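Report on the following structure.
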Number of protein chains: 2
Amino acid sequence: MSDVETRTKILNAAQDLIQRWGANGMSYQHISEAVGIRKPSIHHYFPTKEDLIEELVDRYSDYFLKMVDQIGESQDSAKQKLQRYAALFEATLRAGSQDKACLCGMLGAELASLGNNSAAKIRHFYRENEKRLTRILEEGRKSREFRFEGDSGATAALIFSLLEGAVLIARAQDGVKQFRGIAQQLMTLLKA
Amino acid sequence: MSDVETRTKILNAAQDLIQRWGANGMSYQHISEAVGIRKPSIHHYFPTKEDLIEELVDRYSDYFLKMVDQIGESQDSAKQKLQRYAALFEATLRAGSQDKACLCGMLGAELASLGNNSAAKIRHFYRENEKRLTRILEEGRKSREFRFEGDSGATAALIFSLLEGAVLIARAQDGVKQFRGIAQQLMTLLKA
DNA sequence: GTCTATAGCGCGATAGAC
DNA sequence: GTCTATCGCGCTATAGAC
């Protein structure tokens, strides 16, 4: 097997484990079992657990923000853009057979036990999401698709916290069904 | 020291640790250092970690829901009630010197690694909060303090996920300041 | 009720053969 | 690049003296 394939398999397994169990609930042993490789071989690719988490956050952040950019640059209406943005979180929730949280939402909860580099990358993810959401909101306000009072930046922060929270809380209750109800109600509150 | 005092000190220390580090980041060793008691003495009060977490969730849930009930039964307007409800989360965030998450929000993220009893108690906490929020929202709608379309239950679920998420996310960014901005924007969206 | 001592395990990480 | 073997630590939990 090529380096790249094994590396990717390790990253995939680690991400899945963190999204379900958290970083402190994920171990090299668990990855080893999921990938079918011995524990020390993982250290060949990722010397320390912190190395692994940093690269995971980078990969996740790049991918997610790229999807958000695709939405932002599309010809969709602002309302459609926001719906597609919420759908990114819904897709995370129901990826695979088990409910998964957003990688950066989960790691945000465990932020205190992470290294400084990972923490900075997670903050970057939050900031960039809020920036892009702000743009969508302002566009929708201008086109009169959204009708809300107050600061669009604060509303973006609200929506981001809402979606991250909804994914975490929905896993304990009715899962995707509950998430959809909340996302729909969000659109209603924005008068979309 | 009386049994009750030591017991309470252990519970307080454990709660503080979980709210900052998560359940998987909290250990009997850490509690031991915070309380000034040896590790095995903690097992005298709480034989297993699962026992400890169960009692913690019970205590937290009882206390928090009692506060919510006080708000619900008060003579305040619905708008004031919702503001006071959000302030409960804000108070959690800035309790002590370090930013703390809601105990049940943090444990919700780690739900997969908890025992069934604890998980059930956490779900109960979520459900009861949403119930009480629904009542406040319906009251405010009737009095025309709130003006929103759609289901009040879905809006309650939205607000609860929002506040839980906001507490978790705010810890990584601007803390209380950010939380306040979001809470204020929520009131605006409800036209309160 | 609190202690010392320790069992037994899983963890992250390293050494070194192949 | 992957393996076996192993180190050293922190964890939950128990035994038993005081």
Side-chain angles (χ1 to χ4, degrees), chain A residues 1-57 106-107 109-119, chain B residues 1-57 106-107 109-119:
Chain A
M1 197 183 317
S2 82
D3 280 23
V4 179
E5 276 175 23
T6 306
R7 210 187 159 74
T8 304
K9 281 188 183 178
I10 292 170
L11 286 168
N12 292 346
Q15 180 176 326
D16 177 81
L17 287 163
I18 294 180
Q19 287 182 295
R20 287 191 286 136
W21 299 88
N24 293 325
M26 176 273 285
S27 75
Y28 276 38
Q29 184 58 46
H30 291 132
I31 298 172
S32 146
E33 286 158 14
V35 175
I37 195 180
R38 291 302 198 157
K39 210 168 43 154
S41 305
I42 304 171
H43 286 281
H44 172 73
Y45 297 92
F46 306 98
T48 72
K49 197 174 172 180
E50 173 69 8
D51 291 328
L52 172 55
I53 292 176
E54 276 182 42
E55 187 159 330
L56 263 184
V57 174
M106 182 65 90
L107 292 178
E110 295 178 300
L111 202 73
S113 47
L114 300 179
N116 287 333
N117 289 344
S118 300
Chain B
M1 196 184 318
S2 81
D3 281 25
V4 179
E5 277 176 21
T6 306
R7 210 188 159 75
T8 304
K9 282 189 182 177
I10 292 170
L11 287 168
N12 292 347
Q15 181 177 324
D16 177 81
L17 286 164
I18 294 180
Q19 288 182 294
R20 286 191 288 137
W21 300 88
N24 294 326
M26 176 273 286
S27 75
Y28 275 37
Q29 184 59 47
H30 292 132
I31 299 172
S32 145
E33 286 158 14
V35 175
I37 194 179
R38 292 302 197 157
K39 215 169 36 157
S41 305
I42 305 171
H43 285 282
H44 172 72
Y45 297 92
F46 305 98
T48 73
K49 199 175 170 177
E50 172 69 10
D51 291 328
L52 171 56
I53 292 176
E54 277 182 41
E55 187 159 329
L56 263 183
V57 174
M106 182 64 90
L107 293 179
E110 296 177 299
L111 202 73
S113 47
L114 299 180
N116 287 332
N117 289 344
S118 300

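Predicted, not measured: the structure shown is a model, and the values here were computed from it. Naming: A, B, ... by sequence-line order, numbering from 1 per chain.
Between the P atom of C/dC11 and the CD1 atom of A/Ile31 lies a distance of 11 Å, rounded to the nearest Å. At whole-Å resolution of the value, CH2 in A/Trp21 and C1' in C/dC11 are 16 Å apart. Protein atom NZ of B/Lys9 is 10 Å distant from nucleotide atom P of C/dT2, rounded to whole Å.
Residues B/Lys39 and B/Gln29 meet the side-chain proximity criterion, which asks for heavy atoms closer than 4.5 Å.
In terms of modelled atom types and a separation under 3.5 Å, the side chain of B/Glu110 and the main chain of B/Asn24 share a donor-acceptor contact. Here the side chain of B/Lys49 pairs a donor or acceptor atom with the backbone of B/Met26 at under 3.5 angstrom. A donor-acceptor contact shorter than 3.5 Å is absent between the side chain of B/Tyr45 and the backbone of B/Leu52. Judged purely by atom type and a 3.5 angstrom limit, B/Tyr28 has no side-chain atom pairing as donor or acceptor with the backbone of B/Arg38.
A pairwise comparison of heavy atoms in A/Leu17 and A/His30 identifies CD1-CB, 3.7 Å as the closest pair.
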Heavy-atom protein contacts under 4.0 Å, nucleotides 4-18 of chain D, coded B base, S sugar-phosphate only, - none:
BB-----SBBB----
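Taking only side-chain nitrogens and oxygens, A/His44 comes nearer than 4.0 Å to OP1 or OP2 of D/dG1.
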